[in-house]
Each structure stands twice: as structure tokens, then as C-alpha cells.
Amino acid sequence: MSMPLPPRHLLFTSAAAAALLATLMLVVAFRGGDPFGVDTALHDWAVRQRTPDRNDVWEAITHTGDDLVPALLAALAGVLYVRGGRRWWLAALVASAGLLTGQLIRYGVVSALGRPRPPREDMVLISTGPGMPSGHTTTSAMVAIGLAAALLPYCHRTATRALAVALPAAWAVAVGASRVYLGSHWPTDVLAGWLYATAITCVGLPLLALALREIQPRPDPVSTDSPG
């Protein structure tokens with residue numbers, strides 16, 4: 001039996017994000033990786049805002065986009081989707097594997113483009129390797145979308161549904177902003193990470209959901225929210 005396609009609106013969103021990402025990367029490649037005016041302007045502004053206390057806050061935020069926290073949140077999303085059960089651990093592994101697959105593809109993209117990062121002397125945390133799309137940005141955005149998708153079926157009130165989307169999104173935006181503040185990426189590296197995450201999750205999440213349903217059929221969640 002053939003694998004069904006994701007819903008049409010998700011395919012459209014994925015295609016639009018992929019087209020914007022491809023256009024951005026082609027322009028960057030044509031420019032030899034040089035930053036845009038908006039990149040240097042926002043980078044210089046961020047450098048001027050730095051203080052020791054602010055640096056500590058933004059470093060803490062950026063570390064939530066490292067490997068451990070996103071992997072745990074991706075696993076949690078998988079468990080939430082199948083509502084626990086005897087094979088919850090397998091759902092957690094499948095969701096984490098989906099995140100890893102997205103990052104492996106991103107690694108190929110970032111290596112092929114090879115865009116240089118901002119000057120090392122401007123970095124609060126030294127980061128090496130090519131910069132577009134940003135890895136921390138991509139990881140946090142993919143996890144945020146997946147976590148929101150897993151939480152929404154549990155929410156029956158408008159306020160809780162908004163929180164299920166807004167809280168993961170705010171975290172992902174904060175991680176992306178931290179990469180600019182700390183000087184690890186140009187702003188358009190972060191934009192590319194958001195576009196990449198949107199493109200890959202809009203296609204990957206429905207397929208991942210099918211894999212999770214094969215592990216354990218999903219009953220209707222019982223919500224503590226009272227409708228209305």
C-alpha cells in the first residue's frame with residue numbers, strides 16, 4: 001500500500017517555505033556568502049546591546065537549543081501523541097529519530113552552501129563551521145512545531161490551544177534570536193533555519209504521525225479543559 005500524501009495545505013506551506021529558502025540560499029551563494037546589509041546592521045546592533053548579565057541570559061537560552069533539551073522534547077511529543085502505553089518508549093525513539101533525520105539533511109545543506117559565520121571576535125560563544133541554515137534555530141523550530149502538534153488535540157479551549165502553539169513558538173524564536181545576539185550567526189542564517197524547519201516538518205510530521213499510529217493506535221485524548 002502506498003504512503004498517503006500529507007494534507008494539501010501542509011504541502012503548499014512546505015513548498016512555499018522551500019522556495020523561499022532556495023531563493024535565499026541562491027542569492028547568498030551568488031554573493032559568495034557575504035552578509036546582507038540587514039545582517040550587518042542587526043549584528044552590530046546586537047553587539048552594542050551586550051552586558052555581562054544579558055550575555056548570561058542569552059547563553060542560557062541558546063543552550064536549550066543544544067542536543068539534549070530538543071531531543072527530550074521531541075521524545076515527549078512522541079509519547080504525547082500515542083498517549084503513553086506499553087510502547088511509549090518506541091514512540092519516543094521514533095520522534096527523536098525524526099528530529100535527527102531533519103538535522104542530518106540540514107547538515108548536508110549547510111555543508112553544501114558553506115556560508116561563513118560572523119567574525120570570531122564578535123562571538124560571545126565561539127562557533128565553527130558554516131552557518132546557513134542555523135542548527136540551533138532549525139532544531140528548536142522543528143521541535144516546537146512537533147510539540148505544538150502533539151499538544152493541540154488535548155486542548156479544547158481557545159486559550160489553551162493558543163498556549164499550546166505560543167509557548168513552543170516563543171521558545172524557538174528566543175533560541176533563534178540568541179544566535180544573533182551571541183554573534184554565532186547572521187540574522188539570515190536564522191531566517192533560513194526557520195524556513196528549513198517549516199519546509200521539512202510540514203511534510204515530515206504527517207508521515208511521522210503515520211509511523212506512530214503503526215506503533216500504537218491513538219485514542220481520543222481526555223482533556224481537563226471544559227469546552228466554551
Side-chain angles (χ1 to χ4, degrees), residues 5-46 61-62 65 70 73-74 77 98-118 127 129-149 152 162 164-209:
L5 291 174
R8 183 176 299 176
H9 68 282
L10 291 182
L11 287 175
F12 176 81
T13 302
S14 177
L20 290 172
L21 177 62
T23 301
L24 175 60
M25 294 182 67
L26 284 172
V27 174
V28 168
F30 179 77
R31 292 167 54 88
D34 290 341
F36 298 94
V38 67
D39 284 320
T40 55
L42 290 174
H43 173 83
D44 292 343
W45 180 85
I61 292 172
T62 214
L73 290 176
L99 175 62
L100 177 60
T101 300
Q103 276 291 25
L104 288 175
I105 297 172
R106 184 205 68 85
Y107 183 77
V109 173
V110 76
S111 299
L113 183 60
R115 188 193 199 184
R117 294 175 185 258
S127 302
M132 177 181 275
S134 162
H136 283 69
T137 302
T138 298
T139 301
S140 58
M142 286 194 297
V143 171
I145 296 171
L147 189 58
L152 280 174
V165 174
L167 291 179
W171 167 63
V173 169
V175 171
S178 75
R179 306 308 288 162
V180 176
Y181 176 89
L182 297 172
S184 298
H185 286 282
W186 299 114
T188 47
D189 295 342
V190 171
L191 174 61
W194 287 330
L195 290 172
Y196 173 85
T198 301
I200 199 165
T201 52
C202 283
V203 171
L205 274 182
L207 302 180
L208 187 60

Given Leu24 and Phe36, is the side chain to side chain contact (heavy atoms under 4.5 Å, CB included) satisfied, shown in steps?
CA-CA 11 Å; Leu24 175 60; Phe36 298 94; 4.0 Å; yes
Is there a side chain to side chain contact (heavy atoms under 4.5 Å, CB included) between Val28 and Met132? Walk through the geometry before answering.
CA-CA 9 Å; Val28 168; Met132 177 181 275; 3.8 Å; yes
Would you check, one step at a time, whether the test side chain to side chain contact (heavy atoms under 4.5 Å, CB included) holds for Arg106 with Ile200?
CA-CA 10 Å; Arg106 184 205 68 85; Ile200 199 165; over 6 Å; no
Verdict with supporting geometry, Ser184 and Arg117, side-chain hydrogen bond (donor to acceptor under 3.5 Å, both in side chains)
CA-CA 7 Å; Ser184 298; Arg117 294 175 185 258; 5.1 Å; no
Verdict with supporting geometry, Trp194 and Val190, side chain to side chain contact (heavy atoms under 4.5 Å, CB included)
CA-CA 6 Å; Trp194 287 330; Val190 171; 3.7 Å; yes
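Interatomic distance, CG of Leu195 versus OG1 of Thr137, reported as 11.0 Å (0.5 Å rounding). For the atom pair Leu207 CG and Thr101 OG1, the distance stands at 11.5 Å (nearest 0.5 Å). Rounding to the nearest 0.5 Å gives a distance of 9.5 Å between CZ of Arg179 and OG of Ser140. Rounding to the nearest 0.5 Å places OH of Tyr107 at 13.0 Å from CG of Leu100.
In this structure a side-chain-to-backbone donor-acceptor pair under 3.5 Å is missing from Arg8 to Phe12. Side-chain atoms of Thr40 come within 3.5 Å of backbone atoms of Gly37 as a donor-acceptor pair (strictly under, hydrogens ignored). His185 places a side-chain N or O within donor-acceptor distance of the main-chain N or O of Gly131, the cut-off being under 3.5 Å. Side-chain atoms of Ser178 come within 3.5 Å of backbone N or O of Val175 as a donor-acceptor pair.
Counting all heavy atoms, side chain and backbone alike, Trp171 lies closest to Ala144 at CZ3-N, 4.2 Å. In this structure, Leu73 and Leu147 approach most closely via the heavy-atom pair O-CD1, 4.2 Å. For the pair Ala29 and Leu113, the tightest heavy-atom approach, listed with the atom from each and the gap, is CB-CD1, 3.8 Å. Between Thr139 and Pro70, the shortest heavy-atom contact is CG2-CB, 3.2 Å. When all heavy atoms of Ala199 and Ser14 are compared, the closest pair comes out as O-OG, 2.6 Å. Among all heavy-atom pairs drawn from Ala46 and Val180, the shortest one is CB-O, 4.0 Å.
Residues Tyr196 and Ile105 are in side-chain contact: their nearest non-hydrogen atoms beyond the backbone lie under 4.5 Å apart. Between Val109 and Pro133 the shortest side-chain heavy-atom distance falls below 4.5 Å. Looking only at side-chain heavy atoms (C-beta outward), Leu11 and Cys202 stay at 4.5 Å or farther from each other. In this structure, Leu10 and Val203 have side chains that are not in contact, with every pair of non-hydrogen atoms separated by 4.5 Å or more.
Sorted by first and then second residue, the salt bridge (Lys or Arg N to Asp or Glu O under 4.0 Å) pairs involving residues 183-194 (not counting sequence neighbours) are Arg115-Asp189.
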